[in-house]
There are 2 protein chains.
Amino acid sequence: MSGMSRRRITSKELAKLAGVSSATISRAFSPDSRIGSATRDRILAVAREHGYQPNAIARSLNNQRSRLVALVVNAIGNPCEAEEQQLLVHRLQARQLLPIILCCADHSDRLQLMRLASTYQVDHVVVFSDMVSMQDAVDIFHTTKPIIVSFEPLENENVSSIRIDGAEAADEIIDKIVRDGKKRFAYLSGTNSSWIDKLRRKWFADALAKRGLAFEVQAFGDYSYDSGFKEAVLLLHRDKVDAIICGNDVMAIGARDAARRVLGKNTPDDIAIVGQDGIAMAAWDCNDLTTLSLDHVAFIDAVVELIERHDAEIEGPHSITLTCTARWGSTA
Amino acid sequence: MSGMSRRRITSKELAKLAGVSSATISRAFSPDSRIGSATRDRILAVAREHGYQPNAIARSLNNQRSRLVALVVNAIGNPCEAEEQQLLVHRLQARQLLPIILCCADHSDRLQLMRLASTYQVDHVVVFSDMVSMQDAVDIFHTTKPIIVSFEPLENENVSSIRIDGAEAADEIIDKIVRDGKKRFAYLSGTNSSWIDKLRRKWFADALAKRGLAFEVQAFGDYSYDSGFKEAVLLLHRDKVDAIICGNDVMAIGARDAARRVLGKNTPDDIAIVGQDGIAMAAWDCNDLTTLSLDHVAFIDAVVELIERHDAEIEGPHSITLTCTARWGSTA
DNA sequence: ATGCATTGTGCACACGATTACACAAACGGT
DNA sequence: ACCGTTTGTGTAATCGTGTGCACAATGCAT
C-alpha cells in the first residue's frame, strides 16, 4: 500500500497501470466471470499495491443492489432491544450486508428519517420500532417490502411479518400470581400509543379475565428504569396494588427497586412484579426477574429467514410465528 | 402517492411527466440553484404525486460525498458503549448523516469488515472499539481520516483523536479506599490485549504506587456480567483480595453480586468494588456503584466537533482531551 | 488444413443523479 | 431602440462500475 494519497484510485487508472482495460479490472473482482487466471492474479497484485478496491457506491448504482439494510429501532441504548439488534448485525455482517441504524425515539420526524434512508436504495428494511405505523413503513419503502416485527398476523401483502404470541406464557404467569393470593393488578405500559403494547397487555388481561379478574389500574412509562421506578411508587402507595405487570424488563427492575427502597416491600411476598422481553440482565443475580421471555436467537433466525426469502424473490406474503415462554425469577 | 410500483421512478421519467429536462428536476431539489419558483412548485407537486425522491446512491457518486458515517464499535449490546452510541446516532441523524455500524466483537475478520465499509466511501469514521489497532484504521480509511477514541495523545497526523484522562479521579477513588483500610487490590481487565485497558489500569496503578501499594492480582474478563461474577469469585476466595477495580461497570455489578451471593461479603465494609464508564445503570438503586465516570454528552460533543472540523476541511492533527470524574455509590 | 466451440479481452453503453456551459427571454437604464 | 445584466432552462459531460456484444486467439475434432 504505497503512499497516503487522499484520493482513491479508480478502476480506469488501475487499468492503465496494469496495461488492461477497465472492464478487465472489474472482471478480476467478480468471482465468476471469464478472465484468464494469470491476468486476474496480476491485477489483484497491482490492486493491492495501490490500495484499490472497487467503489461500492458506483457498483450499487449499476447493480441496482446496495447491500445496505435499514434497521428501524426505538433506541440502541435500551438493553431490551439491543440484544436482538446485536445478533442481527452479526448475522448481516456475515452475509456482507451493512446495517444502517434509524433511531426513532426522541426523533422529531421519523418519517423524514425513513424517507432519507429509503433514498439510499436499501435492499431490506427491518422494523423493530413500535413507534412507526406499518402503513408508513410500507408507503415509504414501497420498493423494498419491509420486514415488520408485529404481534398480529398482517394481511398486507407488501409486508413480511414476524408474529409473536405470548398468550399462553402470560396465562401461566398470572396463574401463579393469583394462586399466591395477589388481588389488585396494575399494568405499566412502555408507551401510550403503541399497538405492540396493546397486544402484550391483552395477553395478560385475557388471563386475568379467565379468572374473573381485571387490571385495576393502567399506568404509562417510557420503557426506562426511571419511569418504572416513578410509576411504581404511585401504584403501590396511592393505588395499593400488589402485582405489577411491566411493559419491559428495565421498567420492572425500576419498579422492584421502588418497592424495596421507597416502600420497604419485598418480592414476591408483598408484591409481584413481572417483566417482558427476557433480556440477559433480567437473569443477573441482583435482578432475578420473573419475565415473559422471547428466544432472541430464534427471533433473529426468523428475521434472517425472511431476508433470505426476499433475496430469493419468492413471491407472496410471508409470516413467521414465535411463542414466548415464562422465565421464573424471585419477583413473582 | 399513486400505485405500489415495484420500481422507483427516475429523474428522467419525472422530467417527461413534468415537461421539463432532468436537469431541472435536479435543480428543483437543490435549495439554492437558479430555477423559477413556479417551475419548482410544479415539479415538487408532480414528484410527490409519483413518490419521487432523488436517488442518494447516484447523487453520492456524482458528489463524491456519501453522507454515510462508519461507527466501529465492539458491540451494541453492551450498555457501557450503547449510551454513547445512542447519543452519537441522534446527533448524526440531526445532520442528515446516516450511521453504518461495524461490530468488532465476535467477528472473525474485523479488517475485512472495515475494508467493506470503506468501499462505501463513508464521509467519516469513528472508532470506539479497542479491538482494532489505530494503524489498521488509518490504512484502511486513508481517504477519510478517522476519528479515534484513544487514551493517549496521538502523534499520527492522519487521525483525529479524543483523549480521555482519568488519572486524577482514579487517585481520588484509591485515596478513599485506602483510607477505609483496604489492603489487597485486584484489577479485573475487560480484555487482555487492549491499549485502552492498559491505560485505564495505569491510572489506578499509579495512584496505588503513590501510596506504596500495588495490584496483588491481575485478572481478565470479557466486559460481561458473567465474567465479572466468575472472576470475582476466584479473586475473593482464592486470592483473598478486599478491593477490586473493574474494567467497566457491568463487570463491577457482576463482581458485587458474586461477593454478596457466593461469599456473603458486603460493600463497602467487607470489600470495595469500583466500576468504570459511569453508565446510567450504575446509578440505579439496586446497583449504586462507585465508578470512574465519563460525561457522555461532553464526549459525544467532542466527536461531533471533530466531524465538523473534518467537514470544514481544516487541516492538521486534531485532538480533544476530556477528564473523568469520580462518581460515588455504596460500593467503595 | 478446415470448421467449430471455447476462452480472454476491449469497446461502449447503462445506472441516476449533478453541474459547467450555452443560450434565449426578460428586464432595466440611458 | 439598444446594450448589458439577470433569470430560467436545456445539452452534454461526469462520477466509477458492470456487462452485452464483437472479435481475436486458442484448442480440439474431423
Side-chain angles (χ1 to χ4, degrees), chain A residues 5-44 46-47 50-68 115-116 118-123 143, chain B residues 5-44 46-47 50-68 96 116 118-123 143:
Chain A
S5 65
R6 264 273 152 274
R7 224 176 55 69
R8 202 172 285 269
I9 194 175
T10 99
S11 123
K12 206 166 295 182
E13 297 171 304
L14 190 70
K16 198 148 292 174
L17 290 170
V20 294
S21 83
S22 78
T24 305
I25 301 290
S26 171
R27 285 190 265 256
F29 283 89
S30 304
D32 12 67
S33 54
R34 298 201 323 204
I35 184 179
S37 58
T39 322
R40 162 171 283 150
D41 292 345
R42 184 162 48 90
I43 289 178
L44 290 183
V46 181
H50 293 267
Y52 170 82
Q53 297 247 145
N55 182 325
I57 296 290
R59 168 185 288 164
S60 301
L61 178 58
N62 186 294
N63 278 351
Q64 311 278 61
R65 198 131 188 293
S66 66
R67 305 197 72 83
L68 296 173
R115 271 191 280 266
L116 175 61
S118 86
T119 64
Y120 280 81
Q121 321 292 50
V122 293
D123 288 346
T143 57
Chain B
S5 64
R6 263 273 151 275
R7 223 176 56 71
R8 200 172 285 270
I9 192 175
T10 108
S11 127
K12 207 164 295 181
E13 296 172 303
L14 190 70
K16 199 147 293 178
L17 290 169
V20 295
S21 82
S22 77
T24 305
I25 300 291
S26 171
R27 285 190 268 256
F29 283 89
S30 305
D32 11 68
S33 55
R34 301 198 323 203
I35 183 178
S37 58
T39 323
R40 162 172 285 153
D41 292 345
R42 186 164 45 91
I43 289 178
L44 291 183
V46 181
H50 294 268
Y52 171 83
Q53 296 248 144
N55 182 325
I57 296 289
R59 168 186 287 162
S60 300
L61 179 59
N62 185 290
N63 279 352
Q64 312 277 59
R65 208 141 177 285
S66 65
R67 303 196 74 81
L68 295 173
Q96 309 273 79
L116 176 61
S118 85
T119 65
Y120 280 79
Q121 323 293 22
V122 292
D123 288 346
T143 57

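Every chain is numbered from 1, with letters handed out A, B, ... down the list of sequences. Just so you know, these numbers use all the heavy atoms, side chains as well, and skip hydrogens, waters and symmetry mates.
- As a whole-Å value, the separation of B:Arg27 CZ from D:dT11 P is 11 Å.
- Residue-to-nucleotide contacts include no donor-acceptor pair under 3.5 Å from the side chain of B:Arg40 to the base of D:dG8.
- For D:dG16, the base has no donor-acceptor partner in the side chain of A:Arg8 [N/O atoms by modelled type, under 3.5 angstrom].
- By the 4.5 Å heavy-atom criterion applied to side chains, B:Arg67 and B:Gln96 are counted as neighbours.
- For B:Glu13 and B:Arg7, the salt-bridge test passes: some basic side-chain N is under 4.0 Å from an acidic carboxylate O.
- You'll find that the side chain of A:Thr24 is closest to C:dT9, out of C:dT9, D:dG16, D:dG8.
- Across all strands shown, A:Ser30 has no heavy atoms under 4.0 Å from either base or sugar-phosphate atoms.
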Query - Test side chain to side chain donor-acceptor pair (under 3.5 Å) applied to B:Arg65 and B:Gln121, step by step - result: CA-CA 7 Å; B:Arg65 208 141 177 285; B:Gln121 323 293 22; over 6 Å; no
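- In this structure, B:Thr10 reaches the C:dA17 phosphate: one of its side-chain N or O atoms is under 4.0 Å from OP1 or OP2.
- Of all nucleotides listed (D:dG10, C:dC11, D:dT17), D:dT17 comes nearest to the side chain of A:Lys12.
- Using a 4.0 Å heavy-atom cutoff across all strands shown, A:Ser60 reaches no nucleic acid atom at all.
- From A:Ser11, atom OG reaches atom CD1 of A:Ile25 across 6.0 Å, with rounding to the nearest 0.5 Å.
- B:Ser33 has no side-chain polar atom (N or O) that falls below the 4.0 Å cut-off from OP1 or OP2 of C:dT18.
- Taking atom CG of A:Asp32 as the reference point, atom C1' of C:dG8 lies 16 Å away to the nearest angstrom.
- Taken from OG1 in A:Thr119 to CZ in B:Phe29, the straight-line distance is 11.0 Å, to the nearest 0.5 Å.
- For B:Ile57 and C:dA14, the CD1 to C1' distance is 16 Å, given to the nearest whole Å.
- D:dT17 atom P lies 11 Å from atom CG of A:Asn62, rounded to whole Å.
- For the OP1/OP2 pair of D:dT17 and a distance below 4.0 Å, the side-chain nitrogens and oxygens of A:Ser11 include at least one atom meeting the criterion.
- Rounded to whole Å, atom C1' of C:dG16 lies 19 Å from atom CZ of B:Arg65.
- Residues B:Tyr120 and A:Tyr120 keep their aromatic ring centres 6.0 Å or farther apart.
- For A:Arg59 against D:dG18, a side-chain-to-base donor-acceptor contact under 3.5 Å is absent.
- Nucleotides of DNA chain D nearest to B:Ser22 and A:Tyr52 differ in position, and the one nearer the 5' end is that of B:Ser22.
- Atom CZ of B:Arg34 is separated from atom P of C:dA25 by 16 Å (rounded to the nearest Å).
- The interatomic distance linking A:Ile35 (CD1) with D:dG18 (C1') rounds to 13 Å, in whole Å.
- Following rounding to the nearest Å, A:Leu61 (CG) and C:dC15 (C1') show an atom-to-atom distance of 4 Å.
- Of the two residues contacting DNA chain C, namely A:Gln121 and A:Gly19, the nearest-nucleotide position lying further toward the 5' end is that of A:Gly19.
- In this structure, B:Gln64 and A:Asn63 both approach DNA chain D, and ranking their closest nucleotides by distance from the 5' end singles out B:Gln64.
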